[in-house]
Amino acid sequence: MLLIDTSVWISVFRDRSGQVRQQLEILAANREVLLTRFTQLELLQGSLNEQEWALLSTYLETQDYIELMPSSWQEAARIYYELRRQGLTVRSPIDCCIAQAALENNLLLIHNDRDFETIAQVRSLQHFCFQP
């Protein structure tokens with residue numbers, strides 16, 4: 001199962017040629033694809049207008065989501081804390097939450113975000129940097 005990060009979806013939606021979508025479809029072939037609610041939030045907040053909001057909202061309602069457990073929040077904070085203690089920085093604690101969701105559900109995280117490379121230095125995060 002794959003957990004697709006917002007950074008990948010942004011590349012897919014921005015690409016007018018359709019090549020990025022095709023690359024993602026090849027990567028995801030015959031695998032279940034999941035999102036987090038953070039991806040839903042981030043994509044919707046980036047909407048340019050009401051028309052785009054409606055289109056994205058309708059699309060995102062059809063997707064499958066992985067939900068965090070109550071203990072996930074503390075574990076995500078622990079990731080951030082351990083990185084900071086080692087002098088490593090991630091730009092957003094949201095990325096720690098997404099990484100924690102992937103870790104506790106044994107998902108391969110597909111991303112294009114250097115923060116997940118950093119997180120992988122303190123956790124056994126299964127991840128793949130999708131660079132179209």
Close aromatic pair by centroid cut-off 6.0 Å: His127 and Phe116: no

Spatial distance of atom OG (Ser7) from atom CD (Gln131) [nearest 0.5 Å]: 10.0 Å

Spacing of Cys96 atom SG and Glu75 atom CD [to the nearest 0.5 Å]: 11.5 Å

Residue pair Arg123 / Glu82, side-chain heavy-atom distance below 4.5 Å: yes

Pairs flagged by side chain to side chain donor-acceptor pair (under 3.5 Å) wherever residues 97-110 is involved - sequence neighbours left out: Ser72-Glu104, Gln100-Glu104, Asn106-Gln126

Minimum-distance pair of heavy atoms, taken over all atoms of Ser124 and Leu103: O-CD2, 3.5 Å

Minimum side-chain heavy-atom gap Leu24-Ile4 below 4.5 Å: yes

Least distance between heavy atoms, Leu125 atom then Ala99 atom: CD1-O, 3.8 Å

Nearest-0.5 Å distance that lies between atom CZ in Arg85 and atom OH in Tyr81: 4.0 Å

Mutual orientation of the aromatic rings belonging to Tyr59 and Trp9 [parallel < 30°, tilted 30-60°, perpendicular > 60°]: perpendicular

Shortest non-hydrogen contact from Trp73 toward Cys97: CZ3-SG, 3.8 Å

Validation row: Leu83, Thr89 side chains within 4.5 angstrom (heavy atoms): no

Distance in Å, Asp64 CG paired with Met1 CE, rounded so as to fall on 0.5 Å steps: 10.0 Å

Beyond-backbone contact of Arg21 with Asp15, side-chain heavy atoms, under 4.5 angstrom: no

Sole candidate of Asp113, Asn112, Thr39, Asp95 that passes side-chain hydrogen bond (donor to acceptor under 3.5 Å, both in side chains) when paired with Thr6: Thr39

From CD (Gln74) to CE (Met69), nearest 0.5 Å: 12.5 Å

Main-chain N/O of Leu60 paired with Tyr65 side-chain donor or acceptor, under 3.5 Å: yes

Test item: Phe38 and Asp5 side chains (from C-beta on) under 4.5 Å apart, heavy atoms: no

Option among Thr36, Ile119, Leu2, Ile98 that satisfies the side chain to side chain contact (heavy atoms under 4.5 Å, CB included) test with Leu109: Ile98

